[in-house]
Amino acid sequence: MKITQKVQTELNDNIPKHVAIIMDGNGRWAQKKFLPRVAGHKRGMEVVKTITKSASKLGIKVLTLYAFSTENWKRPQDEVSFLMKLPITFFDKFVPELVEEGIQVRVTGNIAGLPAATQQSVQKAIADTANGTKMILNFALNYGSRDEITQMVQAIATDIAHKKLTIDEIDEKVINQHLQTNFLGELSDPDVLIRTSGEERISNFLLWQIAYSELVFTDTLWPDFNEQIFIELIKEYQKRDRRFGAIKK
Ligand code: FPP
């Protein structure tokens with residue numbers, strides 16, 4: 001099913017502004033097909049393109065994709081180096097299309113910890129797509145929420161030590177300003193967090209930002225994920241009653 005006018009109308013009134021996805025199951029997809037794990041990541045990269053376009057067509061404003069966590073360095077060297085080359089392949093192939101679609105690439109995570117070639121590719125994609133206003137495609141790359149929170153605490157403590165801030169001034173706004181998602185402003189918190197592959201955990205992803213996100217899980221492995229399943233999950237999100245701790249009027 002393509003995103004027809006009908007589906008768009010059906011979904012139109014309550015489209016989540018920020019969707020975050022834990023793209024899980026690449027390894028299992030490959031194993032099931034007796035392929036090396038990296039074949040799952042390669043297919044997963046193609047799905048990133050499909051879902052990016054779907055998200056933009058639906059009117060989603062921020063799509064945050066968990067592409068590599070601070071814990072993923074523990075994987076075998078050949079898998080890590082494949083995953084580090086994937087953004088280069090992806091951007092080489094798709095940046096012209098992203099520019100055409102008005103999609104702006106951003107990265108959340110520790111870019112400086114990536115191999116030099118990956119850093120260059122990421123920085124170039126960010127610069128080349130900087131004028132995009134339709135949607136932000138935010139890759140969480142070398143990202144870990146505890147790492148982000150640790151850095152936030154260090155930054156706030158430094159501001160206090162330098163007398164730029166007092167302890168009483170620390171509030172949620174100040175904390176948000178010191179997190180890596182600050183550039184997203186009022187869109188920094190996902191409305192919905194999707195995880196594929198049947199696993200139901202958060203895996204150190206956006207712990208502060210998902211305080212009131214709706215959590216939606218699917219058994220589909222990421223390389224099998226598609227527009228139709230995406231739309232079904234958005235519909236599931238739309239059925240949720242978001243109260244943010246208040247009671248219904
Ligand atoms: C989790 O599946 C997936 C990852 C750690 C990598 C995700 C990366 C992509 C989908 C491609 C990213 C594309 C770009 C453009 C950066 P897993 O390997 O943990 O699967 P398993 O649980 O079945 O082993």
Side-chain angles (χ1 to χ4, degrees), residues 1-30 32 40-41 43-69 101 103 106 108 134-140 143 145 181 184-249:
M1 177 170 61
K2 287 274 163 287
I3 299 178
T4 58
Q5 193 63 44
K6 182 174 172 292
V7 172
Q8 234 164 0
T9 317
E10 216 180 308
L11 290 175
N12 239 354
D13 56 341
N14 187 19
I15 295 291
K17 290 193 177 72
H18 183 173
V19 175
I21 309 184
I22 302 177
M23 309 179 287
D24 197 10
N26 293 349
R28 275 164 287 164
W29 180 89
K32 277 194 350 195
H41 297 316
R43 173 62 75 96
M45 184 194 79
E46 300 291 335
V47 177
V48 167
K49 184 195 159 198
T50 307
I51 296 307
T52 298
K53 286 180 144 189
S54 303
S56 170
K57 275 189 281 176
L58 282 171
I60 288 162
K61 291 294 161 205
V62 181
L63 178 67
T64 298
L65 301 176
Y66 207 3
F68 193 88
S69 77
E101 305 253 346
I103 295 169
R106 299 296 292 257
T108 297
K134 180 128 199 333
M135 187 182 84
I136 291 176
L137 172 60
N138 180 29
F139 283 105
Y143 173 82
S145 199
T181 46
L184 293 170
E186 60 175 19
L187 296 182
S188 66
D189 296 351
D191 298 294
V192 54
L193 171 66
I194 292 171
R195 184 173 190 144
T196 60
S197 90
E199 308 286 354
E200 299 191 353
R201 57 176 171 266
I202 304 302
S203 301
N204 200 17
F205 193 39
L206 302 172
L207 296 178
W208 169 272
Q209 295 88 338
I210 61 162
Y212 279 100
S213 305
E214 295 298 329
L215 308 182
V216 176
F217 301 102
T218 173
D219 286 339
T220 306
L221 304 173
W222 179 254
D224 289 328
F225 198 75
N226 59 35
E227 185 166 285
Q228 186 175 352
I229 301 167
F230 190 39
I231 288 170
E232 289 309 317
L233 298 184
I234 301 293
K235 284 186 185 168
E236 186 174 330
Y237 158 82
Q238 292 181 329
K239 283 189 219 143
R240 306 276 177 92
D241 179 20
R242 302 187 79 194
R243 294 190 298 278
F244 302 94
I247 52 169
K248 229 178 166 179
K249 290 216 182 80

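Here the structure is a predicted model, which is why all the values come from computation and not from measurement. Every heavy atom of this structure was used, including side-chain atoms; hydrogens, water molecules and symmetry mates were not.
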Determine the minimum heavy-atom distance between [X] and [Y], stating which atoms define it.
X      : Y      : value
Ile60  : Val62  : CG2-O, 3.4 Å
Ala30  : Gly40  : CB-N, 3.8 Å
Leu193 : Ser213 : N-CB, 4.4 Å
Thr181 : Gln209 : OG1-NE2, 2.8 Å
Phe225 : Thr196 : CD1-CG2, 3.7 Å
Leu63  : Ala55  : CD2-CB, 4.1 Å

When rounded to the nearest 0.5 angstrom, what is the spacing between [atom1] in [X] and [atom2] in [Y]?
X      : Y      : atom1 : atom2 : result
His18  : Leu206 : NE2   : CG    : 6.5 Å
Asn14  : Ile234 : CG    : CD1   : 10.0 Å
Glu232 : Glu236 : CD    : CD    : 9.5 Å
Leu137 : Ile103 : CG    : CD1   : 6.5 Å
Phe217 : Leu233 : CZ    : CG    : 11.0 Å
Leu65  : Thr108 : CG    : OG1   : 10.5 Å

Min side-chain heavy-atom separation [X]-[Y] under 4.5 Å:
X      : Y      : answer
Met23  : Ile51  : no
Phe230 : Thr50  : no
Glu227 : Ile231 : yes
Tyr212 : Asp189 : no
Ile202 : Leu215 : yes

Is it the case that the side chain of [X] and the backbone of [Y] share a donor-acceptor pair, with hydrogens and angles ignored and the cut-off at 3.5 Å?
X      : Y      : answer
Ser188 : Leu184 : no
Trp222 : Gly44  : yes
Arg195 : Arg201 : yes

Quiz item: Which residues satisfy the side-chain hydrogen bond (donor to acceptor under 3.5 Å, both in side chains) test with Thr52, sequence neighbours excluded?
Solution: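 Partners of Thr52 by the side-chain hydrogen bond (donor to acceptor under 3.5 Å, both in side chains) criterion come out as none, since no residue qualifies.
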
Exercise. Output all residues satisfying side-chain hydrogen bond (donor to acceptor under 3.5 Å, both in side chains) with Ser197, sequence neighbours left out; order by chain, then residue number.
Key: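 Ser197 satisfies side-chain hydrogen bond (donor to acceptor under 3.5 Å, both in side chains) with Asp24, Arg28 only.
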
Quiz item: Relative to each other, are the rings of Tyr66 and Phe205 parallel, tilted or perpendicular (30° and 60° limits)?
Solution: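 It falls in the parallel class, under 30°.
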
Exercise. Quick one: list whatever passes ring-ring contact (aromatic ring centres under 6.0 Å, His included) with Tyr237, sequence neighbours left out.
Key: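 Checked Tyr237 against ring-ring contact (aromatic ring centres under 6.0 Å, His included); zero matches.
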
Self-check item: Identified salt bridge (Lys or Arg N to Asp or Glu O under 4.0 Å) counterpart of Asp191 within the set Arg242, Lys61, Lys17
Solution: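 That would be Arg242; it is the only one of Arg242, Lys61, Lys17 passing the salt bridge (Lys or Arg N to Asp or Glu O under 4.0 Å) with Asp191.
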
